[in-house]
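Reading through the structure tokens given below for one structure.
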2 protein chains.
Amino acid sequence: MKYTINEIAKLCNVGKSTVSRVLNKDPKVRSETREKVQRVIDRLGFQPNRSARAMRAGQEPVVGVIVSKLDSGSESQTLRAILQALQAEHITPLIVESRFEAEQVRHHFQLFRERQVNAVILFGFFPLPLEIVREWQGSLVVIARTYPNISSVYYDDEQAITRLMTELYRQGHRRIAYLGIQDSDETTGKLRTQSYLQFCRSHNIRPNSVSVELSAESAYLHCAELFTRPVDALVCATGRLALGAFKFSQQSGRVFPIAYVGYNELLQYMMPNALSLDFGYCQAGLKAVELLMRQLRGKSSTEHYLVSTHQP
Amino acid sequence: MKYTINEIAKLCNVGKSTVSRVLNKDPKVRSETREKVQRVIDRLGFQPNRSARAMRAGQEPVVGVIVSKLDSGSESQTLRAILQALQAEHITPLIVESRFEAEQVRHHFQLFRERQVNAVILFGFFPLPLEIVREWQGSLVVIARTYPNISSVYYDDEQAITRLMTELYRQGHRRIAYLGIQDSDETTGKLRTQSYLQFCRSHNIRPNSVSVELSAESAYLHCAELFTRPVDALVCATGRLALGAFKFSQQSGRVFPIAYVGYNELLQYMMPNALSLDFGYCQAGLKAVELLMRQLRGKSSTEHYLVSTHQP
DNA sequence: CTGAAAGCGCTAACAT
DNA sequence: ATGTTAGCGCTTTCAG
């Protein structure tokens with residue numbers, strides 16, 4: 001049931017190197033021989049042993065993928081693209097969850113070392129000590145965050161917020177509030193908040209914002225603080241926060257337009273009118289793999305790739 | 001930077017077989033020698049080549065995992081458990097999505113053959129032609145569905161529905177409606193609907209049910225049909241359907257208790273009062289791997305394992 | 001207890 | 001164009 005290249009060779013009356021050549025599409029095989037061999041291969045359903053090949057090739061490439069949560073909408077999209085791209089390259093992905101905990105990431109990195117993982121794609125949807133990632137410099141791509149000397153695919157946070165604000169402004173809203181993340185989070189937090197403040201400044205809007213933790217519940221609890229002043233519309237830094245805001249809206253009976261950055265199937269379903277702006281998550285995944293491949297092939301050093309928001 | 005067993009051997013002044021023995025914890029090595037070798041291994045951070053080992057061992061085990069959707073709440077939970085269990089066994093999981101399409105499943109099975117995948121765990125959250133799965137008999141575990149002669153981990157649908165109904169009944173509701181899936185879906189559809197009807201019969205409730213497709217939108221669109229008659233409470237076959245019902249409730253302004261089978265973080269957040277009953281998804285994953293391992297070790301034939309609902 | 005030697009299945013020089 | 005041969009890094013006899 002399990003054939004080897006040797007047995008195929010015997011059955012074809014050729015040397016095993018010829019079989020190998022057919023397998024590897026080496027052009028210098030007479031087409032007649034090739035067909036003869038190929039026929040036998042097909043008939044027997046022969047598959048060359050992966051491990052043996054990997055050994056000869058030096059190392060079978062394995063890429064670790066650290067997602068923060070398997071069931072997060074935007075991450076799933078990116079992950080989907082990553083898996084496909086990786087499988088096309090015949091690279092085996094090893095998927096693990098960080099659950100937004102730095103400790104988990106540290107643990108997984110160590111495990112990756114033991115398992116001889118060649119490179120890692122890390123979803124950096126939360127702040128992470130620099131020292132943890134630095135060790136993998138050269139074989140690491142971080143998504144959604146940038147670190148010095150580490151390749152990354154990150155999102156154009158500023159553009160996203162600006163776009164949402166512009167649209168709401170265009171619709172005539174002036175008292176636009178903002179529900180964001182604390183500044184300790186460099187990108188999703190600080191950067192997006194700053195963009196909001198920037199927009200307010202340049203459009204003469206009196207800022208009305210509050211920073212919360214990255215959870216729907218936190219958003220829900222703090223939402224009321226914004227409404228001590230009149231609010232025409234609300235911009236949320238992420239889908240999770242928007243969910244909290246939505247609940248606040250439901251519970252308090254206040255109706256107001258909500259806009260948010262991100263993608264969430266359920267949220268989109270429940271609030272079809274909400275203005276949402278998501279990044280090219282699929283593209284981000286593809287790009288991450290691309291950067292990683294370039295690193296692995298040793299052709300390039302650090303690269304950063306900026307993903308814009310989708311056109312609405 | 002990359003050592004081999006040979007180099008370690010030289011550095012220790014021992015034969016490479018001794019190093020191998022240390023690596024494999026062979027007891028017949030003098031503890032003195034063992035320590036000497038181990039020290040060098042540790043100091044150099046030597047890791048035996050995975051591919052070479054796999055080749056000798058015959059085959060590195062790879063298990064394909066076909067989920068229906070990466071970002072489905074209940075599946076993610078199970079998947080999480082599966083990944084952990086598999087990694088503990090040092091088995092590499094190959095994850096792909098079926099997107100609820102039989103054609104995708106067929107495609108992936110074929111790809112698995114090519115990539116020499118040893119066994120498969122399949123999330124059967126939708127009906128699938130028998131011929132597709134039969135070919136993998138003996139190295140396949142199906143989750144959430146049963147097939148003749150195929151190992152499976154399935155859910156106690158009847159118990160789940162009965163429990164929900166019982167609880168609503170206990171709360172005093174009598175006109176309990178049911179939003180289910182068409183009978184073409186053997187388990188989530190037919191079985192659950194029958195359980196509902198059964199309960200109605202035995203409790204003298206006039207059935208009021210409608211069968212829809214497995215999507216929130218379908219549930220939403222058909223929900224109104226139930227309300228042509230008075231309804232005290234609604235039971236939904238799945239979380240997705242409950243979401244549709246929730247939207248209906250929001251839009252129509254009708255307030256009624258909703259109960260559903262399944263797990264959905266967002267839904268739970270938006271409808272904290274809803275009665276929901278989920279299965280031991282984590283346990284299901286663990287069990288699936290366990291059944292698979294038994295199959296792989298050739299010790300057992302087909303087994304079925306029934307997962308009950310969690311105690312509320 | 002330990003070392004030498006024989007492969008595992010495959011690829012890549014090297015011959016022919 | 002094709003066969004022969006020498007390993008890749010490891011485990012496992014088989015002798016000491």
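Below, read A as the first sequence line, B as the second, and so on, with proteins coming before strands; counting in each chain starts at 1. None of these values were measured; they are calculated from a predicted model.
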Would you classify A:N13 as touching base, sugar-phosphate or nothing, given that sugar-phosphate means primed atoms plus P, OP1 and OP2, and contacts are heavy atoms under 4.0 Å?
-> sugar-phosphate

Can you tell me the distance, in whole Å, between the NZ atom of B:K28 and the P atom of C:dT2?
-> 12 Å

Choosing from C:dT2, C:dT11, D:dC8, which nucleotide comes nearest the side chain of A:M55?
-> D:dC8

If you check every side-chain atom of B:R56, which of C:dT11, C:dT2, C:dC8 has the closest atom?
-> C:dC8

The side chain of B:R53 lies closest to which of these nucleotides: D:dC10, C:dC8, D:dT4?
-> D:dC10

Grab the NZ-C1' distance between B:K36 and C:dT2 for me, whole Å please.
-> 11 Å

OP1, OP2 of D:dT2 versus side-chain N and O of A:T33: anything below 4.0 Å?
-> yes

State whether A:E97 and B:R80 are salt-bridged, where the test is any N-O pair (Lys NZ or Arg NE/NH1/NH2 against Asp/Glu carboxylate O) under 4.0 Å.
-> yes

In whole angstrom, what separates B:Q47's CD from D:dG9's P?
-> 15 Å

So, is B:S17 near the phosphate of C:dT2, with a side-chain N or O under 4.0 Å from OP1 or OP2?
-> no

In plain terms, say whether B:R106 and B:E101 are close enough for a salt bridge, that is, a side-chain N and a carboxylate O under 4.0 Å apart.
-> no

Considering heavy-atom distances to DNA chain D, does B:N49 or B:R21 have its closest nucleotide positioned more toward the 5' end?
-> B:N49

Starting at CG of A:D26 and ending at C1' of C:dT11, how long is that distance when rounded to a whole Å?
-> 11 Å

Apply the test side chain to side chain contact (heavy atoms under 4.5 Å, CB included) to residues A:R145 and A:V153: give CA-CA distance (whole Å), side-chain angles for both, the deciding distance (0.1 Å), then the verdict.
-> CA-CA 7 Å; A:R145 199 163 295 264; A:V153 172; over 6 Å; no

To the nearest angstrom, how far is A:R50 atom CZ from C:dC8 atom C1'?
-> 15 Å

Indicate yes or no: does A:K287 engage A:E290 in a salt bridge with an N to O separation below 4.0 Å.
-> yes

Rounding to a whole Å, what distance do you find between B:K16:NZ and D:dC14:P?
-> 17 Å

Can you check the A:E7 CD to C:dG9 P distance for me, whole Å?
-> 8 Å

What nucleotide among D:dG9, D:dT2, C:dA5 has an atom nearest to a side-chain atom of A:R30?
-> D:dT2

Mapping B:S31 and B:A52 to their closest nucleotides on DNA chain C, which lands nearer the 5' end?
-> B:S31

Does the side chain of A:N24 get closer than 4.0 angstrom to OP1 or OP2 of C:dT11 through an N or O atom?
-> yes

Pick base, sugar-phosphate or nothing for A:T4, based on heavy-atom distances below 4.0 Å to the nucleic acid.
-> sugar-phosphate

So does B:E89 pair up with B:R297, basic N to acidic O under 4.0 Å?
-> yes

Whole-Å gap separating P (C:dC8) and OH (A:Y3) = 18 Å

Between D:dT5, D:dT11, C:dA4, which one does the side chain of B:I5 approach most closely?
-> D:dT11

Can we call the ring centroids of B:Y281 and B:Y155 under 6.0 Å apart?
-> yes

Just to confirm, is there a sub-4.0 Å distance from OP1 or OP2 of D:dG3 to any side-chain nitrogen or oxygen of A:T18?
-> yes

Could you check which of C:dA5, C:dG3, D:dT12 has an atom nearest any side-chain atom of B:V14?
-> C:dG3

